[in-house]
Protein chains: 2
Amino acid sequence: MARPQTIEDDALIARLSGVFRDAGYKGASLGLLAEGCGLQKASLYHRFPGGKQQMAEEVIAAALDWYEVNIFAPLRGEGTPRERLAAVGQALTAFYADGRKACLLNMLAAPPEADGPFAAAIRGAFTAIIDAFCDLAREAGHDEAQARARATRVVMLLHGSLVLSRGLGSSEPFHAFLASLPGALIEG
Amino acid sequence: MARPQTIEDDALIARLSGVFRDAGYKGASLGLLAEGCGLQKASLYHRFPGGKQQMAEEVIAAALDWYEVNIFAPLRGEGTPRERLAAVGQALTAFYADGRKACLLNMLAAPPEADGPFAAAIRGAFTAIIDAFCDLAREAGHDEAQARARATRVVMLLHGSLVLSRGLGSSEPFHAFLASLPGALIEG
DNA sequence: GTCTATACCTTGATAGAC
DNA sequence: GTCTATCAAGGTATAGAC
């Protein structure tokens, strides 16, 4: 192509994701989004003809892809359940910047309408995350009901720790979640 | 006074709170807020000269008052720890409308700036909630460190269940939290 | 105390030059 | 592909009648 992109698609999405996670959907104005990625508003519309909604949709899709590679795959991977959870813990620490970055799904769950354009994607994402932890809990010896209850609790703890870390301005709750992860999912 | 208020202060705050909890700070436009309480925008400015920010501040203060009466007092009240937790569970069910209403603190944590005008109030509110549960856990026989860890976990589970209930469009996670509340705080 | 009407600014989005 | 300039819509906030 004549003029090369000044920022790669992956990096662009990552920057936009950061703005959405900090400000939420409504709070992420095109000015903020443009500033966050170093492009002008018109350039963003060239990349995303669907506007802000398309940006948010692609950000969600990219986050799910990242989860698939860095969370779901390790959960299914080699090693003992404990070892896999340790790897997942490291990945979560990176993704949520040690508790300083909020959950994208939480920040996008509110905005447009009661059942906005992201509701289906968000529901699917939460379901996939719970299912992934559930599979590991079953593999660790729990029956279906127990595994599902434990997986749900782990996802609740994760997102609660993010809300609390944000509200308290401290990464301590997130660390407490990481420490309790093995016990909550597979032990006992 | 010559002309009586068409809506009492308490009811007005309650309606505004509902809008903030549904839409967040940015999403709660003055149009939505006015529609939600049945007043015109100018009337809202008469009640709240400080504008939307004052509305949010008073909504937070009112929520803390409600928590003091309906959560903190019962936690310190009569009866066994189990009985108090049962009463608190009922109050939480009402306050969060069985998981359908989001946490106000979560919805207001993001908006203005990284450390917006609500950051201090939100931090104080989370701290107070954790402290209240912590006191009960200590009274139930846990040492300080154990009690604090358990109280933090309970608050994480509560807010995580609200995020999940919202994201999944189901009150099941909230019910799971209620069921696990006694075990997470005082048993074991 | 509440309303209608309005001023002013920010927002999402587009046009057209380079 | 990116930019500057611009528009229409919706936002917050205010003025003044009743």
Side-chain angles (χ1 to χ4, degrees), chain A residues 1-60 107-108 110-114 116-118, chain B residues 1-60 107-108 110-114 116-118:
Chain A
M1 23 187 110
R3 186 198 285 220
Q5 291 181 342
T6 58
I7 179 173
E8 298 297 323
D9 279 2
D10 287 356
L12 176 56
I13 290 282
R15 301 291 194 95
L16 298 180
S17 176
V19 177
F20 278 120
R21 289 169 72 180
D22 285 341
Y25 187 77
K26 285 277 187 179
S29 71
L30 275 129
L32 272 181
L33 291 164
E35 183 187 4
C37 69
L39 290 181
Q40 295 301 318
K41 289 187 279 183
S43 303
L44 276 178
Y45 275 96
H46 178 78
R47 299 277 197 105
F48 305 93
K52 191 158 92 164
Q53 179 165 330
Q54 184 186 353
M55 299 179 210
E57 287 166 353
E58 297 204 14
V59 161
I60 293 177
M107 299 306 284
L108 295 182
E113 275 102 56
F118 316 121
Chain B
M1 19 186 116
R3 186 198 284 222
Q5 291 181 344
T6 57
I7 179 172
E8 298 297 324
D9 278 3
D10 287 357
L12 176 55
I13 291 282
R15 301 292 193 94
L16 297 180
S17 176
V19 178
F20 278 121
R21 289 169 72 179
D22 284 341
Y25 186 77
K26 285 276 186 181
S29 71
L30 277 139
L32 272 179
L33 291 164
E35 183 187 4
C37 68
L39 291 180
Q40 294 300 320
K41 291 186 273 183
S43 304
L44 275 178
Y45 276 95
H46 178 78
R47 300 278 198 106
F48 305 93
K52 191 159 91 165
Q53 178 166 330
Q54 183 186 355
M55 299 180 209
E57 286 165 355
E58 296 204 14
V59 160
I60 292 178
M107 299 306 284
L108 295 183
E113 274 101 57
F118 316 120

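Quick note on labels: first sequence line is chain A, next is B, and so on, each numbered from 1. The structure presented is a predicted model; accordingly, all values stated were derived computationally and were not measured.
Side-chain contact between A:Leu30 and A:Met55: present, with at least one pair of heavy atoms (C-beta onward) separated by less than 4.5 Å. A 4.5 Å side-chain heavy-atom check between B:Leu32 and B:Asp22 finds every atom pair outside the cut-off.
Residues of residues 43-52 of chain B that place a heavy atom closer than 4.0 Å to DNA chain C, in numerical order, are B:Ser43, B:His46, B:Arg47. Using a 4.0 Å cutoff on non-hydrogen atoms, no part of residues 10-19 of chain B comes near DNA chain D.
Distance, B:Tyr25 OH to D:dG11 P: 14 Å, rounded to whole Å. The NZ-C1' distance, from B:Lys41 to D:dG11, rounds to 8 Å in whole Å. Going from atom CD of A:Gln53 over to atom C1' of C:dT11 covers 16 Å, rounded to whole Å. Across the protein-nucleic acid pair, B:Met55 atom CE and D:dG11 atom P stand 14 Å apart, rounded to whole Å. What separates CD of A:Gln40 from P of C:dA15 is a distance of 18 Å, to the nearest Å. Whole-Å rounding puts the B:Leu30 CG to D:dA9 P distance at 21 Å.
To the nearest 0.5 Å, atom CZ of residue A:Arg15 and atom CG of residue A:Leu33 are 12.5 Å apart.
If you check C:dG12, D:dA13, C:dC3 against the side chain of B:Leu39, the one that comes closest is C:dC3.
For A:Thr6 and D:dT2, the shortest distance from a side-chain N or O to OP1 or OP2 is below 4.0 Å.
A:Ala34 comes within contact range of no nucleotide atom at all, as no heavy-atom separation falls under 4.0 Å.
Among residue pairs with one or both ends in residues 27-39 of chain B, none qualify as salt bridge (charged side-chain N to carboxylate O under 4.0 Å, His left out); sequence neighbours excluded.
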Under 3.5 Å, which donor-acceptor pairs do the side chains of residues 40-52 of chain B form with other protein atoms, sequence neighbours left out?
| unit_1 | atom_1 | unit_2 | atom_2 | d |
| --- | --- | --- | --- | --- |
| B:Arg47 | NH1 | B:Ile7 | O | 3.4 |
| B:Arg47 | NH1 | B:Asp9 | OD1 | 3.0 |
| B:Arg47 | NH2 | B:Ile7 | O | 2.7 |
| B:Lys52 | NZ | B:Tyr25 | O | 2.9 |
| B:Lys52 | NZ | B:Ala28 | O | 3.1 |

Quick test: give all pairs of protein nitrogen or oxygen and nucleotides 16-18 of chain C nitrogen or oxygen below 3.5 Å, distance rounded to 0.1 Å.
none

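Overall bending of the helix from C:dG1-D:dC18 to C:dC18-D:dG1, expressed as the angle between end axes built from five pairs apiece, is 0° (10° steps).
Residues B:Ile13 and B:Val59 approach most closely at O-CG2, 3.9 Å, considering heavy atoms.
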